[in-house]
K.L.:
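One structure coming up, written as structure tokens, with questions to follow.
Everything numeric in this text was worked out from a predicted model, so none of it was measured.
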Amino acid sequence: LNRKLSMAWEQWQQVCAEMREQREALLLAARKFLNQKMYAAWNMWRSWAEEMRRQQKAMGGAIRRMIYRKLSMGWEKWQQVYQELKFANRMGGGAIRRMLHRQLSMAWEQWQQ
């Protein structure tokens with residue numbers, strides 16, 4: 001009776017050990033599977049976030065270029081108008097001065113010839 005009881009006890013311990021090993025192997029596989037899915041999702045999110053960051057940087061640069069382009073075009077236009085007005089004032093001012101100082105202008109013209 002003791003021998004059968006001992007053999008049954010040994011067999012029960014062996015089955016329990018095997019079941020524990022199988023349970024641990026199954027839990028490890030499940031953790032790996034879940035971690036794999038989690039890491040895949042994490043990597044997908046990181047690549048999405050990096051792409052959004054890249055697009056935001058590109059859009060910011062494009063918008064800045066458009067804004068500064070308009071600003072530069074405005075500055076160039078202002079300089080052009082200023083130069084035209086400066087030239088017109090110079091030419092008009094010279095004519096007015098010649099009319100006011102007619103005799104002096106005639107003497108100058110005579111002297112140059």
Side-chain angles (χ1 to χ4, degrees):
L1 179 70
N2 284 342
R3 184 172 179 222
K4 286 184 180 181
L5 190 58
S6 177
M7 286 174 55
W9 176 254
E10 292 293 327
Q11 184 178 5
W12 182 81
Q13 281 184 327
Q14 184 180 3
V15 168
C16 278
E18 287 176 7
M19 287 179 70
R20 187 179 306 122
E21 287 175 12
Q22 288 177 0
R23 181 174 170 257
E24 287 176 7
L26 188 60
L27 287 174
L28 181 64
R31 273 195 302 268
K32 282 184 178 179
F33 177 75
L34 290 175
N35 285 341
Q36 181 183 15
K37 295 291 183 185
M38 184 178 68
Y39 284 127
W42 170 254
N43 286 332
M44 187 184 330
W45 179 84
R46 277 185 34 202
S47 65
W48 174 83
E50 181 62 34
E51 178 63 19
M52 291 298 110
R53 199 174 302 117
R54 187 191 66 75
Q55 287 181 9
Q56 190 175 28
K57 185 177 178 181
M59 288 300 293
I63 290 170
R64 268 192 306 280
R65 281 191 297 278
M66 285 175 20
I67 290 170
Y68 291 137
R69 180 174 173 261
K70 294 287 186 182
L71 184 64
S72 178
M73 287 171 60
W75 173 250
E76 295 294 326
K77 181 66 177 173
W78 183 87
Q79 285 182 321
Q80 177 188 357
V81 168
Y82 174 76
Q83 290 299 324
E84 289 171 0
L85 287 174
K86 188 176 170 183
F87 179 75
N89 284 340
R90 185 170 164 222
M91 298 308 276
I96 290 172
R97 276 192 301 279
R98 281 192 297 278
M99 287 185 341
L100 289 174
H101 304 286
R102 187 165 186 253
Q103 289 181 340
L104 183 62
S105 180
M106 286 172 51
W108 175 255
E109 293 292 327
Q110 193 76 24
W111 182 77
Q112 281 185 324
Q113 292 177 2

K.L.:
Kindly determine whether E76 and Q79 satisfy side-chain contact (heavy atoms from CB on, under 4.5 Å), including the steps that lead there.
P.N.:
CA-CA 5 Å; E76 295 294 326; Q79 285 182 321; 3.8 Å; yes

K.L.:
Does W78 share a hydrophobic cluster with L71, counting links as ILVMFWY side-chain heavy atoms below 4.5 Å and allowing steps through other members?
P.N.:
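Result: no, two separate clusters.
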
K.L.:
For residues 15-28, tabulate all N or O donor-acceptor pairs below 3.5 Å that involve a side-chain atom, not counting sequence neighbours.
P.N.:
none

K.L.:
Once you round to the nearest 0.5 Å, how far does CH2 of W75 lie from OH of Y68?
P.N.:
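If I round to the nearest 0.5 Å, the distance is 16.0 Å.
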
K.L.:
Tell me whether M59 at atom CE has more than 12 heavy atoms from other residues, nucleotides or ligands lying less than 6.0 Å away.
P.N.:
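Atom CE in M59 is not crowded, with 12 or fewer foreign heavy atoms closer than 6.0 Å.
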
K.L.:
Does the side chain of Q36 reach to within under 4.5 Å of the side chain of K32, using non-hydrogen atoms?
P.N.:
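SC-SC contact between Q36 and K32 ruled out.
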
K.L.:
Under the side-chain contact (heavy atoms from CB on, under 4.5 Å) rule, what do R46 and W42 come out as? Steps first, then yes or no, please.
P.N.:
CA-CA 6 Å; R46 277 185 34 202; W42 170 254; 3.1 Å; yes

K.L.:
Give a yes or no on whether Y39 and L34 share a hydrophobic cluster (residues Ile, Leu, Val, Met, Phe, Trp, Tyr; joining criterion: side-chain heavy atoms under 4.5 Å apart).
P.N.:
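Unlinked, Y39 and L34 end up in two clusters.
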
K.L.:
Kindly compute the distance separating CD (Q11) from NZ (K4), expressed to the nearest 0.5 Å.
P.N.:
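NZ of K4 is found 13.5 Å from CD of Q11.
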
K.L.:
State, with a plain yes or no, whether a side-chain heavy atom of Q14 is found less than 4.5 Å away from one of E10.
P.N.:
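Q14 vs E10: side chains apart.
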
K.L.:
Report the hydrophobic cluster partners of W108, with the cluster defined as I, L, V, M, F, W, Y residues connected by side-chain heavy atoms closer than 4.5 angstrom, directly or transitively.
P.N.:
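Members other than W108 - counting any ILVMFWY side chain reachable under 4.5 Å - are W111.
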
K.L.:
Could you list who else is in V81's hydrophobic cluster, with ILVMFWY side chains joined at under 4.5 Å, directly or through other members?
P.N.:
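Via sub-4.5 Å side-chain contacts, V81 links to L85.
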
K.L.:
To the nearest 0.5 Å, tell me how far W45 CH2 sits from E50 CD.
P.N.:
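Atom-to-atom, W45:CH2 and E50:CD are 10.5 Å apart.
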
K.L.:
Can you list the steps and then say if Q55 with E51 is a side-chain hydrogen bond (donor to acceptor under 3.5 Å, both in side chains)?
P.N.:
CA-CA 6 Å; Q55 287 181 9; E51 178 63 19; 2.9 Å; yes

